[in-house]
Asker: 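Structure below; questions to follow.
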Amino acid sequence: MSSSTVDELMAELADLENPKMRAVNERHGDDHGVNLSALRAIAKRLKTQQPLARELWATGDTAARLLALLVCRPREYDAGELDAMLRDSRAPKVQDWLVNYVVKKNADVEDLRVAWMQDPDPVVASAGWALTSDRVAKKPEGLDLPGLLDTIEAQMRQAPERLQWAMNQTLATIGIEHGDLRARALDIGERLQVLKDYPTPPNCTSPFAPDWINEIVRRRTAV
């Protein structure tokens with residue numbers, strides 16, 4: 001893919017930049033102002049193009065990297081590349097899309113999950129916990145769920161924000177998906193009070209783990 005094509009896409013992304021949207025996104029650590037629906041429309045037009053995805057990622061631009069993650073082939077990255085990409089993707093939205101759209105579909109997902117969980121960088125560790133939450137829900141066999149609760153109980157309250165969010169998600173997922181551990185998950189959430197006062201819009205589920213667990217279980221049992 002020629003560099004002029006990347007240049008054209010960068011110009012297209014620049015034209016989509018909305019200063020008000022950038023201001024909102026920057027409050028969450030994301031340095032771009034492109035509407036994500038517009039970004040997805042570009043990706044739909046481009047279809048899958050791995051060489052282009054690599055070039056877009058190499059620009060370092062957040063909007064371009066989000067586009068790269070939509071047009072890449074997740075299985076064509078090796079573990080080393082994905083590890084480097086995660087460490088270089090400091091914008092939360094880029095990290096989130098990298099984990100959910102690419103790493104989860106890669107053959108090395110489990111090796112990366114285990115390695116990242118133990119990483120001293122809290123941003124990297126948060127990706128490991130996000131992958132762990134996904135595995136708790138979809139393929140919990142072999143996981144030490146009580147051990148995960150021990151770690152959450154000991155570390156979540158003092159964890160940096162992004163790591164705390166991912167640990168909290170894992171706590172909620174354990175409580176939702178594993179009835180035998182639900183009482184303990186609820187107890188941990190109540191005692192730690194993490195995200196208890198997080199502002200939650202009407203008709204949205206609170207990220208406070210006890211409320212989150214109880215609401216999802218209620219919905220499932222009501223069906």
Side-chain angles (χ1 to χ4, degrees), residues 16-40 62-63 65-66 69-70 86 89-101 103-104 116-117 121-137 148-149 151-179 181-223:
L16 291 171
E17 180 79 14
N18 182 318
K20 290 183 179 179
M21 187 169 292
R22 173 177 281 270
V24 171
N25 288 335
E26 284 182 341
R27 291 202 290 271
H28 303 285
D30 290 308
D31 54 342
H32 77 92
V34 178
N35 180 282
L36 296 182
S37 295
L39 199 71
R40 292 181 188 279
T62 293
R65 286 186 163 185
L66 292 172
L69 296 171
L70 293 175
L86 177 67
S89 60
R90 310 314 285 183
K93 183 63 69 177
V94 175
Q95 184 200 15
D96 179 56
W97 283 21
L98 175 64
V99 170
N100 286 291
Y101 297 167
V103 178
K104 285 182 181 179
W116 288 345
M117 282 273 288
D121 182 335
V123 172
V124 176
S126 72
W129 278 93
L131 292 171
T132 297
S133 177
D134 186 64
R135 192 176 154 193
V136 166
L148 288 173
L149 291 177
T151 301
I152 291 167
E153 187 172 17
Q155 299 178 14
M156 184 171 73
R157 181 182 282 167
Q158 291 78 29
E161 182 180 11
R162 285 164 72 181
L163 177 54
Q164 185 182 72
W165 271 90
M167 295 177 85
N168 183 71
Q169 181 182 16
T170 304
L171 174 64
T173 304
I174 291 173
I176 291 165
E177 302 292 342
H178 300 277
L181 295 172
R182 186 169 299 145
R184 186 177 174 208
L186 289 167
D187 178 66
I188 291 171
E190 290 289 357
R191 283 188 289 103
L192 297 186
Q193 295 285 290
V194 169
L195 301 175
K196 169 72 173 177
D197 299 318
Y198 191 82
T200 304
N203 302 317
C204 291
T205 303
S206 169
F208 178 51
D211 290 350
W212 187 353
I213 293 167
N214 287 327
E215 176 60 19
I216 300 303
V217 171
R218 182 194 66 78
R219 291 182 195 174
R220 290 183 179 182
T221 54
V223 173

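Just so it is clear, the values below take in all heavy atoms, side chains as well, and ignore hydrogens, waters and symmetry mates. Since the structure is predicted, the reported quantities are computational estimates derived from the model, not experimental observations.
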Asker: Going by salt bridge (charged side-chain N to carboxylate O under 4.0 Å, His left out), name the residues that satisfy it together with D211, two or more places apart in sequence or in a different chain.
Answerer: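 Expected list: none.
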Asker: Which heavy atom of R162 sits nearest to which heavy atom of V123, and what is that distance?
Answerer: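 For R162 versus V123, the nearest heavy atoms are NH2-CG1, 3.7 Å.
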Asker: Using only atom types and a distance under 3.5 Å, with no angle test, would you say the side chain of N35 pairs donor to acceptor with the backbone of L16?
Answerer: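 No.
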Asker: Check the pair W129 / Q169 against side chain to side chain contact (heavy atoms under 4.5 Å, CB included), numbers first and verdict last.
Answerer: CA-CA 8 Å; W129 278 93; Q169 181 182 16; over 6 Å; no
Asker: Does the side chain of V136 come within less than 4.5 Å of H178's, by heavy atoms?
Answerer: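 Yes, side chains in contact.
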Asker: Tell me the closest heavy-atom pair linking L163 and P122, and the distance in Å.
Answerer: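 Closest pair (atom of L163, atom of P122, distance): CB-O, 3.8 Å.
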Asker: Could you verify whether a donor N or O on one side chain and an acceptor N or O on the other, from Q95 and R90, lie under 3.5 Å apart?
Answerer: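 Not at all, the side chains of Q95 and R90 share no donor-acceptor pair under 3.5 Å.
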Asker: Enumerate the residue pairs fulfilling side chain to side chain donor-acceptor pair (under 3.5 Å) with a member in residues 212-223, sequence neighbours excluded, ordered by first and then second residue.
Answerer: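 Side chain to side chain donor-acceptor pair (under 3.5 Å) check on residues 212-223 returns E177-R220, T205-R219, E215-R218, E215-R219.
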Asker: If the condition is salt bridge (charged side-chain N to carboxylate O under 4.0 Å, His left out), which residues does K93 pass it with, not counting sequence neighbours?
Answerer: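 With sequence neighbours excluded, K93 shows a salt bridge (charged side-chain N to carboxylate O under 4.0 Å, His left out) to no residue whatsoever.
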Asker: How far apart are the closest heavy atoms of A172 and I213, and which atoms are they?
Answerer: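 Scanning both residues completely, I find the closest heavy atoms to be O-CG1, 3.6 Å.
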Asker: Can you name the residues that form a side-chain hydrogen bond (donor to acceptor under 3.5 Å, both in side chains) with R191, not counting sequence neighbours?
Answerer: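 R191: side-chain hydrogen bond (donor to acceptor under 3.5 Å, both in side chains) contacts with E153, D187.
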Asker: Going by side-chain contact (heavy atoms from CB on, under 4.5 Å), L69 matches just one of N100, L98, L39. Which one?
Answerer: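 Result: among N100, L98, L39, L98 is the only option passing the side-chain contact (heavy atoms from CB on, under 4.5 Å) with L69.
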Asker: Determine the minimum heavy-atom distance between L86 and A127, stating which atoms define it.
Answerer: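 Residues L86 and A127, closest heavy atoms: CD2-CB, 3.6 Å.
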Asker: Side chains of T132 and T170: any donor to acceptor distance under 3.5 Å?
Answerer: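 Short answer, no.
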Asker: Evaluate the side chain to side chain contact (heavy atoms under 4.5 Å, CB included) criterion for residues T151 and M167: first the C-alpha distance (whole Å), next the side-chain angles of each, then the deciding distance (0.1 Å), finally the verdict.
Answerer: CA-CA 9 Å; T151 301; M167 295 177 85; 4.2 Å; yes
Asker: Can you tell me if Q164 uses its side chain to pair, donor with acceptor, with the backbone of R157 under 3.5 Å?
Answerer: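 Confirmed, Q164 side chain pairs with R157 backbone.
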Asker: If the condition is ring-ring contact (aromatic ring centres under 6.0 Å, His included), which residues does W165 pass it with, not counting sequence neighbours?
Answerer: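 With neighbours one apart ignored, the set is Y198.
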Asker: What are the two closest heavy atoms between P210 and G189, and how far apart are they?
Answerer: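 Taking every non-hydrogen atom into account, CG-C, 3.7 Å.
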Asker: Checking N168 against F208 for the side chain to side chain contact (heavy atoms under 4.5 Å, CB included) test, could you report, in this order, the C-alpha distance in whole Å, the side-chain angles of both residues, the deciding distance, and whether it holds?
Answerer: CA-CA 8 Å; N168 183 71; F208 178 51; over 6 Å; no
Asker: Please identify each residue that fulfils salt bridge (charged side-chain N to carboxylate O under 4.0 Å, His left out) with E161, with sequence neighbours left out.
Answerer: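 For E161, no residue satisfies salt bridge (charged side-chain N to carboxylate O under 4.0 Å, His left out) once neighbours in sequence are set aside.
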Asker: List the steps, then state whether side chain to side chain contact (heavy atoms under 4.5 Å, CB included) holds for V34 with N18.
Answerer: CA-CA 6 Å; V34 178; N18 182 318; over 6 Å; no
Asker: Measure the CZ-CG distance between R40 and L66 for me, rounded to the nearest 0.5 Å.
Answerer: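 Result: 9.0 Å between the selected atoms.
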Asker: Determine the minimum heavy-atom distance between A166 and A130, stating which atoms define it.
Answerer: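 Here A166 and A130 meet closest at CB-N, 4.1 Å.
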